[in-house]
Amino acid sequence: MCYDVKTSLEAQLKRAKRSQDLKAIDEIVEKLGPLTDLPLHHASGFSHPEVLIYTNEDPFYPMVATWGLIPYWVNSVEQQKKIWNSTLNARVETIFEKPAFRDAANEKRCIFYVDGFYEHHHFNNNTYPFFIHRKNNEPIALAALWSEWIHPEHGGIINSFSIVTTVGIGMMTKIHNNPKLKEPRMPLMLANEMEEEWLSSSADFEKELRGLLSSNGNVVLQAHTVGKLRGKSYSGNIESIAQEVVYKELQLEDLNF
């Protein structure tokens, strides 16, 4: 899950602004902003958008990265294209085991800021998209993994990332009810006080991760249904895509949260 997000340049600058270095912020906007696909009112990870991430190597100055982690050991463009769509998300339960994520989980963790994310809810053989965001409308810090890949044909460096997901809790247990999945999922959201711990390079991080998972519920969420994000009625990457759309048939279902 978490294949669809909404994020703006303002949200992506949240961490940089903590340093209160106005010159650095202006530099990010001027030099890095044009290299991204921002703003993304709605973007699917399968389109591999270019955004900003904050890495453990430079926690307050972002880098441009594409969504869909490319492990450093990928040795051909064909292999890169084959793996790209399967690394949009990384299940937190297996990031220290899966070859695609193992090295990044230990050495290359990052944060991806979004205004919110979209998730599809299943009801009576139909799907209904929800937009989920923080109740206080502050950006959400998503835990992610990143990689630096050297293109085998031209030697250029491509930075990429994967959003870490965990078991859904709270309202996500009702919204994310895909019958094909064994359990509800959601992105691993970092409470403000946990961001530094995620970016730390502790040798015992695998053990410390338990504390981060328990803090996931500290991010208070709010949700509403929006217009269709697939098919002929899809409006595209426009600002109004996140506006509330009411589906009368959903009122028959108990979705109190």
Side-chain angles (χ1 to χ4, degrees), residues 1-18 28 36-45 49-56 59-60 62-65 67-69 88-92 95 109-121 129-146 161-176 184-199 209 211-226 229 237 239 241-244 257:
M1 57 78 56
C2 196
Y3 295 133
D4 301 77
V5 300
K6 169 183 169 65
T7 186
S8 60
L9 181 57
E10 182 177 0
Q12 301 247 287
L13 290 175
K14 180 182 179 182
R15 190 171 180 84
K17 289 180 178 178
R18 292 182 190 172
I28 294 169
T36 70
D37 295 314
L38 301 169
L40 298 174
H41 304 294
H42 168 256
S44 166
E50 300 277 356
V51 295
L52 299 177
I53 60 171
Y54 293 84
T55 74
N56 55 309
F60 293 99
M63 67 166 58
V64 177
W67 189 358
L69 187 143
L88 299 176
N89 291 167
R91 295 174 65 94
V92 72
I95 56 174
R109 296 184 295 277
C110 64
I111 295 176
F112 173 42
Y113 287 93
V114 299
D115 292 286
F117 59 96
Y118 301 88
E119 193 54 73
H120 285 83
H121 175 74
F130 277 77
F131 177 61
I132 300 104
H133 60 95
R134 290 186 79 159
K135 194 169 184 179
N136 61 8
N137 290 317
E138 285 291 310
I140 305 174
L142 301 184
L145 308 175
W146 70 285
F161 71 98
S162 175
I163 294 175
V164 177
T165 67
T166 186
V167 177
I169 59 175
M171 70 169 61
M172 293 306 297
T173 62
K174 293 185 177 182
I175 293 177
H176 194 229
R185 304 291 297 179
M186 68 182 188
L188 177 54
M189 293 168 276
L190 301 172
N192 294 344
E193 65 274 13
M194 294 296 177
E195 293 181 25
E196 313 313 317
E197 189 174 346
W198 176 257
L199 294 177
L209 186 56
L212 285 170
L213 292 175
S214 64
S215 74
N216 206 33
N218 294 342
V219 180
V220 182
L221 301 174
Q222 190 168 299
H224 61 261
T225 45
V226 298
L229 302 178
N237 182 35
E239 190 171 1
I241 196 73
Q243 292 180 357
E244 184 172 13
F257 43 70

[X] [atom1] to [Y] [atom2] distance, which is reported to the nearest 0.5 Å:
X	Y	atom1	atom2	answer
Ser44	Leu88	OG	CG	7.5 Å
Met186	Ile163	CE	CD1	13.5 Å
Lys14	Leu52	NZ	CG	15.0 Å
Asp37	Thr7	CG	OG1	11.5 Å
Thr165	Leu142	OG1	CG	11.0 Å
Tyr113	Arg15	OH	CZ	4.5 Å

Any donor-acceptor pair under 3.5 Å linking the side chain of Asp115 with the backbone of Ser8?
yes
Do Trp198 side-chain atoms and Cys110 backbone N/O form a donor-acceptor pair below 3.5 Å?
yes
The criterion is side-chain contact (heavy atoms from CB on, under 4.5 Å); which residues satisfy it with Gln243, sequence neighbours excluded?
Ser240
Do you know which two heavy atoms are closest between [X] and [Y], and how far apart they sit?
X	Y	value
Ile53	Trp146	CD1-CB, 3.8 Å
Ala141	Ile111	CB-CG2, 3.8 Å
Ala242	Lys6	CB-CD, 4.0 Å
His41	Tyr118	O-OH, 2.6 Å
Leu188	Val92	CD2-CG2, 4.3 Å
Pro62	Ile28	CD-CD1, 3.4 Å

Please tabulate, for side-chain N and O atoms in residues 129-137, each donor-acceptor pair with protein atoms closer than 3.5 Å (sequence neighbours left out).
residue : atom : partner : partner atom : Å
His133  : ND1  : Asn137  : OD1          : 3.2
Arg134  : NH1  : Pro139  : O            : 3.4
Asn136  : OD1  : Glu138  : N            : 3.0

Qualifying residues under side chain to side chain donor-acceptor pair (under 3.5 Å), relative to Tyr54, sequence neighbours excluded:
none
Run the side-chain contact (heavy atoms from CB on, under 4.5 Å) check on Leu221 and Met189 step by step: do they pass?
CA-CA 10 Å; Leu221 301 174; Met189 293 168 276; 3.7 Å; yes
Stepwise side-chain contact (heavy atoms from CB on, under 4.5 Å) check, Thr55 with Phe161
CA-CA 10 Å; Thr55 74; Phe161 71 98; over 6 Å; no
Near Glu196 CD, under 6.0 Å, is it more than 12 heavy atoms from other residues, nucleotides or ligands?
yes
Verify the neighbour count for atom CD of Glu10: are there more than 12 heavy atoms of other residues, nucleotides or ligands below 6.0 Å?
no
As a quick check of understanding, evaluate side-chain contact (heavy atoms from CB on, under 4.5 Å) for Leu145 and Val164, giving each step before the final call.
CA-CA 7 Å; Leu145 308 175; Val164 177; 3.9 Å; yes
Does Arg109 come within less than 4.0 Å of Glu197, counting only side-chain N to carboxylate O?
no
Pair Val226, Glu244 - check side-chain contact (heavy atoms from CB on, under 4.5 Å), show working.
CA-CA 5 Å; Val226 298; Glu244 184 172 13; 6.0 Å; no
Got Leu40 and Val114 here, is their nearest side-chain heavy-atom distance under 4.5 Å?
no
